[in-house]
Amino acid sequence: MKMRILGGVLPLFVFIWVLQYKHGNCERPVVVNVGAVFAFDSVTGRAAKKAMELAVSDINGDPSILNGTSLNLIMEDSDCSVFKGSVGALQVIEKQVVAVIGPQSSAIAHMISFISNGLHVPLISYAATDPTLSSLQFPFFLRTTQSDQSQMEAVADIVYFYEWKEVIAIFLDDDYGRNGIAALNDALANKMSKISYKLPLPINYDITDIMYVLNQSKSLGPRVFVVHINPDSQLRFFNAVHKLKMNGSNYVWLMTDWFSTTLDSFSPKNRSFLSTLEGVISLRPYIPQTARKRAFLARWRKLQQNELVHSGLTAYGLYAYDTVWVVAHSIDNLLQQGGNISFFLSNMLNGTTNDKLQLGKLKEFDGGGLLMNILSLANFTGLTGKIHFSQDRNLIGSGYEVINIAKQEIHTVGYWSNFSGLSVLPPKSLQNKETAVTRLNQNLKSVTWPGGKSETPRGWVIANDERPLRIGFPRRASFTEFVTLNASHNVQGYCIDLFYEARKLVPYDIPFRFVPFGSGLANPDYDALVSMVATDVFDAAVGDIAIVTNRTRMVDFTQPYVSTGLVIVAPIDTSESSAWVFLKPFTLEMWGVTALSFLIIAVVIWILEHRINEDFRGPPKRQITTMFLFSFSTLFKTNQENTVSTLGRMVMVVWLFLLLVITSSYTASLTSILTVQQLASPITGIDSLIASNSFIGYQVGSFAYSYLKDILNIAPSRLKSLRSPEEFEAALRQGSGNGVMAIVDELPYMELFLQNRTDFGIIGRPFTKSGWGFAFKKDSPLANDMSTAILKLAESGKLQEIHEKWFCQLGCPTARRKDSELDQLHLSSFWALYLLSGAVTVLALLIFLLKSIRQYIRYKRKHTNLSSPSNTRCSHVIYSFFDFIDEKEEAIKRIFAQQDSAQTNGS
């Protein structure tokens with residue numbers, strides 16, 4: 001019975017106790033504890049410690065906040081150790097803090113975030129910039145500084161602005177360093193750039209570690225370094241750079257904000273160390289200049305003068321000051337909303353004991369979730385500007401300053417923000433302007449680079465004298481005109497000469513050495529040569545290297561310097577006839593001159609015969625018909641008109657002799673075309689070659705084999721490898737039985753093969769289109785510069801000169817291929833006959849004109865009426881002359897005879 005009564009009373013007693021407990025706790029507490037875990041004796045920590053102490057003093061002295069409740073800041077030193085930081089976090093949480101400020105280390109923040117999650121204690125960091133801390137994994141983490149995600153986008157924009165394509169990243173090998181560089185890698189990828197090499201430093205590095213990493217980088221191509229480490233008051237990194245003489249004009253040093261934080265921590269009076277930092281570029285969190293900020297800086301300088309603080313005020317010191325105010329405002333809002341500051345034992349720690357830490361007594365913060373929500377909705381203005389947070393609990397920052405060290409001074413050369421990109425104006429003045437961020441509207445002031453140079457460094461060194469460029473070349477056994485190693489062990493050939501000429505046009509020195517690839521007994525495998533460039537055995541490959549798809553996946557090629565493609569070579573058949581075969585004996589030029597000669601002869605014979613030959617007189621229509629019929633009928637000897645004049649017959653003799661030679665030559669050439677039989681091939685193109693079951697030859701080392709086998713699906717058993725032009729010829733002559741029906745290879749080789757061989761020819765057109773180029777490693781800047789040089793060679797005509805030097809001693813192959821009709825008759829073979837005929841024709845015409853003029857003068861003297869005035873105008877004389885020569889010569893002679901008779905009778 002007693003047990004039943006006790007069982008009924010006990011729950012009621014517990015309910016009343018809980019109500020009293022709740023009521024008592026709704027009262028505003030006298031003191032609220034806030035923890036702070038950070039490294040006291042660090043560049044960031046020294047400024048942050050004093051700033052937070054000043055913030056607590058200002059808050060407790062301000063009656064408008066917390067309304068009589070004091071803020072108690074409990075600090076623990078993490079000593080830059082994840083272990084000590086985790087222990088320190090547990091120690092402050094054990095003292096029932098409502099929030100933990102810090103740490104500045106991202107690695108420690110990762111560990112403490114798990115504790116904050118479990119005990120519902122908000123963790124607010126003013127310096128942990130690792131982007132991954134913003135993930136959903138850490139709902140109780142809030143960042144009152146800018147994430148490295150923004151900072152790395154700013155670095156990427158600087159790289160993009162100066163058009164660098166590759167950088168080397170040197171970073172601290174912890175969560176802060178690795179995740180920051182991962183964010184940089186993503187940001188650079190969006191700008192079509194990349195991190196070529198990642199060089200990590202140990203967490204507790206010394207100058208030996210730095211020098212080891214820097215020495216590694218010397219042998220690498222890029223000279224743009226992005227350094228992402230912790231602030232270092234000794235600047236050991238640049239001491240190592242100075243010792244290794246890596247501060248020359250071809251280097252670029254881009255520092256994240258650790259560098260500006262270190263500089264800001266120094267006394268303004270001590271600037272002598274800046275001389276070793278000439279040309280360095282760094283980012284500094286941009287904090288707008290306000291009256292509150294200037295007053296706080298004056299207050300800080302006064303503390304420095306009184307030796308109450310031994311560090312300059314850094315951006316992270318200002319963030320730390322504002323962080324304490326954010327926490328105080330949020331606690332005040334929590335209390336005003338009736339929130340309860342109470343703690344209860346965590347079920348997760350039941351049974352866990354420790355003499356010192358007493359983990360089993362750690363308590364969860366009952367109002368942690370509400371406080372975290374209030375913190376994330378904070379919106380007020382502090383020393384660093386407006387403080388409000390994004391959805392992923394990051395501070396919406398103002399961007400960054402871009403600073404440059406020049407002449408022992410720190411210069412601001414621009415600003416960066418996520419809405420404006422790079423600009424010479426502060427982000428505040430651009431915030432309300434809607435502008436698309438492109439390279440065209442990005443701008444920075446003039447920058448001084450290492451070595452004091454104002455010219456933007458190229459950003460990479462392709463090679464140096466200590467490590468020259470390793471250029472592989474195919475040691476060919478055939479077609480050595482393209483590239484080979486001669487008996488004196490010198491590299492020579494068309495491709496080598498072209499490389500030397502292109503190298504002269506590259507605007508920087510390229511130390512290099514040639515490395516042969518292949519034995520020289522057979523042509524090497526070109527796919528293997530290209531693969532060795534991709535695997536860093538060679539830095540580049542020079543030679544007759546075809547640009548094909550599978551190779552472009554491995555390397556970058558230059559602009560093609562030769563247009564090529566696969567062609568079919570087979571025994572040719574010139575007996576093919578067509579409806580227009582009768583035109584083939586003459587070239588177009590020959591046909592044109594011959595036709596023009598017929599017209600000239602027609603006109604000249606008409607002039608010479610018109611006055612004395614009735615066949616060439618009559619109505620104009622008849623005269624024109626007679627004139628041209630006579631001329632063309634001479635070709636067939638069917639003309640019915642006869643020449644009467646001596647001059648006409650003289651012209652006709654020479655003309656008929658010319659016709660005799662031309663017609664005889666034409667007949668012989670046409671007969672040869674129609675009747676001469678040469679070796680014949682049934683192959684008409686690639687389709688008929690595939691359809692046949694005949695053997696096909698290809699050159700050893702050529703990509704033709706893989707193309708025929710993999711692309712055209714020709715059985716490998718049908719493909720025969722051939723080593724030299726002599727083997728080509730022998731295999732083609734043997735035919736499909738013991739040899740090959742045709743050879744498939746690239747056009748330049750086949751043109752060279754056909755140079756002294758008229759029994760073979762190219763069937764059809766190239767059935768692939770490609771080119772030859774030089775191969776470089778992926779994303780090599782030298783590939784672009786060499787491409788530009790090759791284009792300049794082509795435009796200047798130097799490319800053609802090199803080609804003619806190697807392949808045109810006996811006439812260029814392409815020219816011979818165009819004029820390969822051996823039986824065609826050219827004007828050059830008959831120019832002497834045409835010249836003779838033309839000279840006789842002109843002479844006859846001149847004699848005729850002189851004779852006619854003489855007769856005309858005599859006629860005018862005797863026929864003109866002396867009593868009438870004469871008309872001496874030029875036009876009248878010309879018309880009169882033409883009327884005279886249109887008359888029959890017989891009539892003119894009769895007039896002369898009558899006049900002579902009359903004069904005789906009169907005397």
Side-chain angles (χ1 to χ4, degrees), residues 470-503 512-530 532-533 538 540-547 558 560-567 569 697-705 720-732 743-757 760 762 770-775 790 793 798-814 816-817:
R470 300 159 300 172
I471 300 180
F473 70 92
R475 192 175 179 185
R476 295 191 59 86
S478 63
F479 298 110
T480 54
E481 293 87 347
F482 293 105
V483 57
T484 192
L485 189 68
N486 62 20
S488 304
H489 298 284
N490 294 322
V491 188
Q492 67 178 24
Y494 166 69
C495 301
I496 301 302
D497 282 3
L498 194 148
F499 172 77
Y500 278 122
E501 291 297 329
R503 176 176 169 264
F512 70 93
R513 61 186 177 90
F514 281 121
V515 182
F517 177 71
S519 63
L521 302 176
N523 294 333
D525 184 347
Y526 280 60
D527 284 339
L529 173 61
V530 172
M532 293 179 78
V533 176
F538 296 135
V542 170
D544 48 337
I545 306 170
I547 304 171
T558 60
Y561 59 86
V562 169
S563 295
T564 182
L566 291 178
V567 295
V569 169
Y698 68 92
Q699 184 183 183
V700 171
S702 171
F703 80 97
Y705 174 77
K720 286 189 176 183
S721 61
L722 303 172
R723 297 174 179 271
S724 65
E726 292 72 23
E727 288 191 19
F728 287 5
E729 183 175 2
L732 286 171
I743 292 174
V744 173
D745 209 341
E746 293 180 80
L747 181 61
Y749 300 127
M750 293 298 94
E751 287 182 336
L752 205 57
F753 170 69
L754 297 173
Q755 185 170 359
N756 298 315
R757 297 172 177 87
F760 312 105
I762 295 174
S770 61
W772 288 353
F774 302 144
I790 289 171
L793 290 176
K798 189 67 177 178
L799 198 63
Q800 183 61 27
E801 288 181 22
I802 300 171
H803 182 270
E804 291 174 358
K805 170 189 171 183
W806 283 97
F807 305 117
C808 294
Q809 290 91 345
L810 301 176
C812 291
T814 51
R816 284 193 303 276
R817 185 158 56 94

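Reckoned from all heavy atoms, side chains included, excluding hydrogens, waters and symmetry mates.
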Test of understanding: with salt bridge (Lys or Arg N to Asp or Glu O under 4.0 Å), list the residues that count as partners of [X], not counting sequence neighbours.
| X | result |
| --- | --- |
| D497 | K805 |
| D527 | R551 |
| E481 | none |
| R723 | none |

F479 and Y749 aromatic ring geometry - parallel, tilted or perpendicular at 30°/60° bounds: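 Ring orientation, 0 to 90° scale: tilted.
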Worked check of side chain to side chain contact (heavy atoms under 4.5 Å, CB included) between L732 and F753: CA-CA 12 Å; L732 286 171; F753 170 69; 4.1 Å; yes
Any side-chain heavy-atom pair of [X] and [Y] under 4.5 Å:
| X | Y | answer |
| --- | --- | --- |
| I471 | R513 | no |
| F728 | M750 | yes |
| V483 | V542 | no |
| V533 | F538 | yes |

For [X] and [Y], work out which heavy atoms get closest and say how close.
| X | Y | value |
| --- | --- | --- |
| P474 | G543 | CD-CA, 4.2 Å |
| A541 | L529 | CB-CG, 4.0 Å |
| W772 | P748 | CH2-CB, 3.6 Å |
| A477 | G520 | CB-O, 3.4 Å |
| A704 | L566 | CB-CD2, 3.9 Å |

Intermediate values then yes/no, side chain to side chain contact (heavy atoms under 4.5 Å, CB included), L747 and V562: CA-CA 10 Å; L747 181 61; V562 169; over 6 Å; no
What's the spacing between [X] [atom1] and [Y] [atom2] if we round to 0.5 Å?
| X | Y | atom1 | atom2 | value |
| --- | --- | --- | --- | --- |
| L498 | H803 | CG | NE2 | 11.0 Å |
| I496 | N490 | CD1 | CG | 11.0 Å |
| L752 | E746 | CG | CD | 13.0 Å |
| L485 | F517 | CG | CZ | 14.5 Å |
| I547 | T558 | CD1 | OG1 | 6.0 Å |

For [X], side-chain hydrogen bond (donor to acceptor under 3.5 Å, both in side chains) partners two or more places apart:
| X | result |
| --- | --- |
| R475 | none |
| N523 | S478, Q699 |
| Y526 | R476, D544 |
| S721 | none |

Contacts of type ring pair (Phe, Tyr, Trp, His ring centres under 6.0 Å), residue F703, not counting sequence neighbours: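 Counting only residues at least two positions away or on another chain, F703 forms no ring pair (Phe, Tyr, Trp, His ring centres under 6.0 Å).
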Sequence-distant partners of F499, ring pair (Phe, Tyr, Trp, His ring centres under 6.0 Å), two or more places apart: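 Only F512, F514, F774 meet the ring pair (Phe, Tyr, Trp, His ring centres under 6.0 Å) criterion with F499.
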Residue pair D745, V569: steps toward the side chain to side chain contact (heavy atoms under 4.5 Å, CB included) verdict: CA-CA 8 Å; D745 209 341; V569 169; over 6 Å; no
Qualifying salt bridge (Lys or Arg N to Asp or Glu O under 4.0 Å) pairs, either residue in residues 482-492, two or more places apart: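 Applying salt bridge (Lys or Arg N to Asp or Glu O under 4.0 Å) to every pair that reaches into residues 482-492, excluding sequence neighbours, yields nothing.
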With A502 via side-chain contact (heavy atoms from CB on, under 4.5 Å) - residues at least two apart: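 side-chain contact (heavy atoms from CB on, under 4.5 Å) list for A502, sorted by chain: M786, A789, I790, L793.
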Check: F482 ring centre within less than 6.0 Å of F807 ring centre: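 Here the rings of F807 and F482 have centres that are less than 6.0 Å from each other.
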